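Values in this document were obtained by computation on a predicted structure and should not be read as measured data.
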Amino acid sequence: MIDRDSVIVFPVHETSWGTMLAIAKHIKRAGVMDPIVLFTERVEHFLPQCEEAGLRSHLFGQRLNAHTHADNGDPDRGAKRASAAGGRQGVSRFSLGYVYRGVRRVFQTCEDLTGRRILSLTIYHLVRAAWEVAGYIWVRRGFEAFLDATNPKAIYIYMDNIVGYFALFVALCKKRGIRIIVPPAAFSHPSIIGERRSWSDCTKVDIVHSPWIIFLLRKAFPGQFYRLDCNEVSFYFAYEILAMWFYGILPRNPWVRGGSSADVICVEDRYVADWLVTQGVDRMAVHPVGHIDCDNLFWAIKNDSKESIFEKYGFDKTKKLLVVSLPHLMEEGYVPTWEQHWFENGRIIEAATGTGQNVLLVLHPKMQRSRYQFLEDKYPCRICTTRTSDVLPFADVYVACASSTIFWSVACGVVTINVGWLGKIDMFDHLSCVIPVHDEPTYRQLLERLVYDEDFFCASKAAVLRIRDAYFPVLDGNNLANIVRLASL
């Protein structure tokens, strides 16, 4: 048996891996608690990094995410995708697809007459929910055995509004009194989540396309739905709501990260902390400790210099540095084609390079550098070869599109432009120093003014510094340590 000072670190997907690995390493270095990194097949390929760091790990044998959002409006496609994943679960879900198709044929005539694929989808969601509950019962034994063997004091998990078997694991931790800690992550406003959900007929409340059961669930569980302009959407698929409710693990407020099961929610600044409280989160659970990556900002300022950045990329030291964060539109599914993706990115890059200043492009972790390398030949710019946090403190102007890195730029005192014609901009309304632009001509004019009107640039810089001092923790390199310390409170 392991002492109770063990701590679980649970990276639920690739995006969370870097943050969770940093937390596990710091816990191990501190020597007070024993970190155990919990793996599923989604992040199994990171196991060598865990072993290299000398960290303990545990790999669940079940395919925990084979069911998760496999059905995105087409049950046939969802069953085939799950089957392609392999394993007993995949085969069973493939069989479930045949069950659905059999049911659908019974109602095909009615659907042809009405033009609505509703009734068979409702039955599908009912059958699928029963299948999910059976899965919870099956995997619960493994979860309970793991928790009995490790007896953890706390668990770090990237989000508490996660679906399916992950929700079951969080609920079991909550029941045992294990401290659930949600570390800082990308800030996502419910309106942004709702917009993504509106793309699927299975989560959009639509009288023509939605299954009838959605309307019943909306009455029974209003907190699972969100009104987006004229549309209403659900956070989960209908069968997921049914299954998690039946098993008693349905997250209370999935639209707010940290609003369901978390005992501790770590956030970047005091404004986000206040906003979470307005969304029903307990004030005592919210800790504005800063983002882990902000420690990188501190060390970049301490160990590097603007001169070395200019020398590395061959920039002209007499000109300003414009750091441009390219939006990962195609990678996230915001646009249907690569042609549109390159068109939108090209508009942003052309305006920046048109100023004649030094332009450094930074990529999101989901963006493959090899795919974007040609931009250095097409435009007078360079692509950053390191993390965004390594160069952001040295920027004169930072351009981003509804990115959480906007918080970092303000923390560094950098003049920031939020390109609003590609994404939601209301999530930064509290940061009055962030300059929103709604169209390309305004964006071009603003860049020119920041570059050539020194008085305007200095006034913009002063506005950023005022907001930084009012909302953000001081960059001292201790954010990660503060986050780890919360496990022992």
Side-chain angles (χ1 to χ4, degrees), residues 9 11 15-32 35 46 49-50 52-55 156 158 181 183-187 266-270 272 287-313 315 317 321-325 358 360-365 369 382-400 403-416 461 464-465 467-469 471-487:
V9 180
T15 304
S16 65
W17 171 248
T19 295
M20 308 311 278
L21 178 62
I23 290 173
K25 286 182 175 180
H26 192 91
I27 294 173
K28 182 178 176 63
R29 283 196 301 269
V32 178
F46 290 123
Q49 294 185 35
C50 187
E52 182 180 346
L55 297 168
Y156 285 89
Y158 209 61
I181 304 172
F187 176 65
C266 304
V267 296
E268 297 195 39
D269 61 55
R270 286 186 287 275
V272 177
H287 296 260
V289 295
H291 198 283
I292 289 175
D293 287 341
C294 286
D295 286 348
N296 297 334
L297 300 173
F298 168 80
W299 292 112
I301 295 170
K302 185 177 179 65
N303 299 327
D304 215 332
S305 66
K306 191 168 188 175
E307 289 73 20
S308 64
I309 297 294
F310 274 48
E311 183 177 348
K312 177 180 178 179
Y313 293 99
F315 288 148
K317 295 181 181 180
L321 174 59
L322 311 184
V323 176
V324 178
S325 176
N358 303 305
L360 183 63
L361 307 180
V362 293
L363 306 178
H364 187 275
R369 179 181 171 83
R382 297 296 305 277
I383 298 177
C384 182
T385 58
T386 59
R387 298 171 297 191
T388 302
S389 55
D390 292 332
V391 298
L392 187 52
F394 309 109
D396 293 295
V397 178
Y398 182 58
V399 178
S403 168
S404 287
T405 54
I406 286 176
F407 291 108
W408 303 359
S409 64
V410 176
C412 292
V414 176
V415 176
T416 304
K461 180 83 170 180
V464 175
L465 296 178
I467 295 296
R468 181 196 67 180
D469 296 340
Y471 287 113
F472 288 82
V474 176
L475 292 178
D476 58 6
N478 293 321
N479 291 355
L480 177 56
N482 293 334
I483 294 165
V484 169
R485 195 175 298 117
L486 293 171

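Taken from NZ in Lys25 to CG in Leu55, the straight-line distance is 7.5 Å, to the nearest 0.5 Å. Atoms NE2 and CG, on His26 and Leu21 in that order, are 13.5 Å from each other to the nearest 0.5 Å. Rounded to the nearest 0.5 angstrom, Ile483 CD1 and Ile27 CD1 are separated by 10.5 Å. Rounding to the nearest 0.5 Å places SG of Cys384 at 7.0 Å from CG of Asp390.
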Evaluation steps, side-chain contact (heavy atoms from CB on, under 4.5 Å), between Val399 and Val323: CA-CA 6 Å; Val399 178; Val323 176; over 6 Å; no
Evaluation steps, side-chain contact (heavy atoms from CB on, under 4.5 Å), between Trp17 and Gln49: CA-CA 10 Å; Trp17 171 248; Gln49 294 185 35; 3.1 Å; yes
Go through Leu360 and Val324 one step at a time and tell me if the side-chain contact (heavy atoms from CB on, under 4.5 Å) criterion holds. CA-CA 6 Å; Leu360 183 63; Val324 178; over 6 Å; no
Evaluate the side-chain contact (heavy atoms from CB on, under 4.5 Å) criterion for residues Lys312 and Thr385: first the C-alpha distance (whole Å), next the side-chain angles of each, then the deciding distance (0.1 Å), finally the verdict. CA-CA 10 Å; Lys312 177 180 178 179; Thr385 58; 3.1 Å; yes
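Here the side chain of Asp269 pairs no donor or acceptor atom with the backbone of Tyr471 at under 3.5 angstrom. Lys28 places no side-chain N or O within 3.5 Å of a backbone atom of Pro35 that could act as its donor or acceptor partner. The closest donor-acceptor contact from the side chain of Lys317 to the backbone of Glu307 lies at 3.5 Å or more, if one exists at all. For the pair Asn482 (side chain) and Val289 (backbone), a donor-acceptor distance under 3.5 Å is absent. Judged purely by atom type and a 3.5 angstrom limit, Asn358 has no side-chain atom pairing as donor or acceptor with the backbone of Phe315. Between the Asp396 side chain and the Leu321 main chain, a donor and an acceptor come within less than 3.5 Å of each other. Under the 3.5 Å distance criterion, the side-chain polar atoms of Tyr313 are left unmatched by any main-chain donor or acceptor of Ser308. Here the side chain of Arg387 pairs no donor or acceptor atom with the backbone of Asp293 at under 3.5 angstrom.
Contact annotation: the side chain of Val362 approaches that of Val391 to within less than 4.5 Å [non-hydrogen atoms, C-beta and beyond]. Counting heavy atoms from C-beta on, the side chains of Cys412 and Arg468 never come closer than 4.5 Å. With a 4.5 Å cut-off on side-chain heavy atoms, Arg382 and Leu361 do not count as touching. In this structure the side chain of Leu475 reaches within 4.5 angstrom of the side chain of Cys294, judged on heavy atoms. Val272 places none of its side-chain heavy atoms less than 4.5 Å from the side chain of Pro288. Side chains of Phe298 and Asn478 form no contact here, defined as non-hydrogen atoms less than 4.5 Å apart. Between Cys266 and Ile181 the shortest side-chain heavy-atom distance falls below 4.5 Å. A 4.5 Å side-chain heavy-atom check between Asp304 and Ile309 finds at least one atom pair inside the cut-off.
What you find for Thr19 and Ile292 is that their closest heavy atoms are CG2-CD1, 3.4 Å. Here the closest heavy-atom approach between residue Leu392 and residue Trp408 is recorded as CD2-CB, 3.7 Å. Minimum interatomic distance between Lys306 and Phe394 (heavy atoms only, all atoms of both residues): CE-O, 3.3 Å. Taking all atoms of both residues into account, the shortest heavy-atom contact from Ala400 to Ile406 is CB-CG1, 3.8 Å. Residue Ser389 comes nearest to Ala300 through the heavy atom pair O-CB, 3.8 Å, listed as atom of the first residue, atom of the second, then distance. Contact detail for Val464 and Val415: the closest heavy-atom pair is CG2-CA, 4.0 Å.
Applying the 6.0 Å contact sphere to CD of Glu311 captures no more than 12 heavy atoms from other residues, nucleotides or ligands.
Counted by atom type alone, Tyr158 and Thr15 present zero donor-acceptor pairs between their side chains at under 3.5 Å. Tyr398 and Thr405 share a side-chain donor-acceptor pair at under 3.5 Å.
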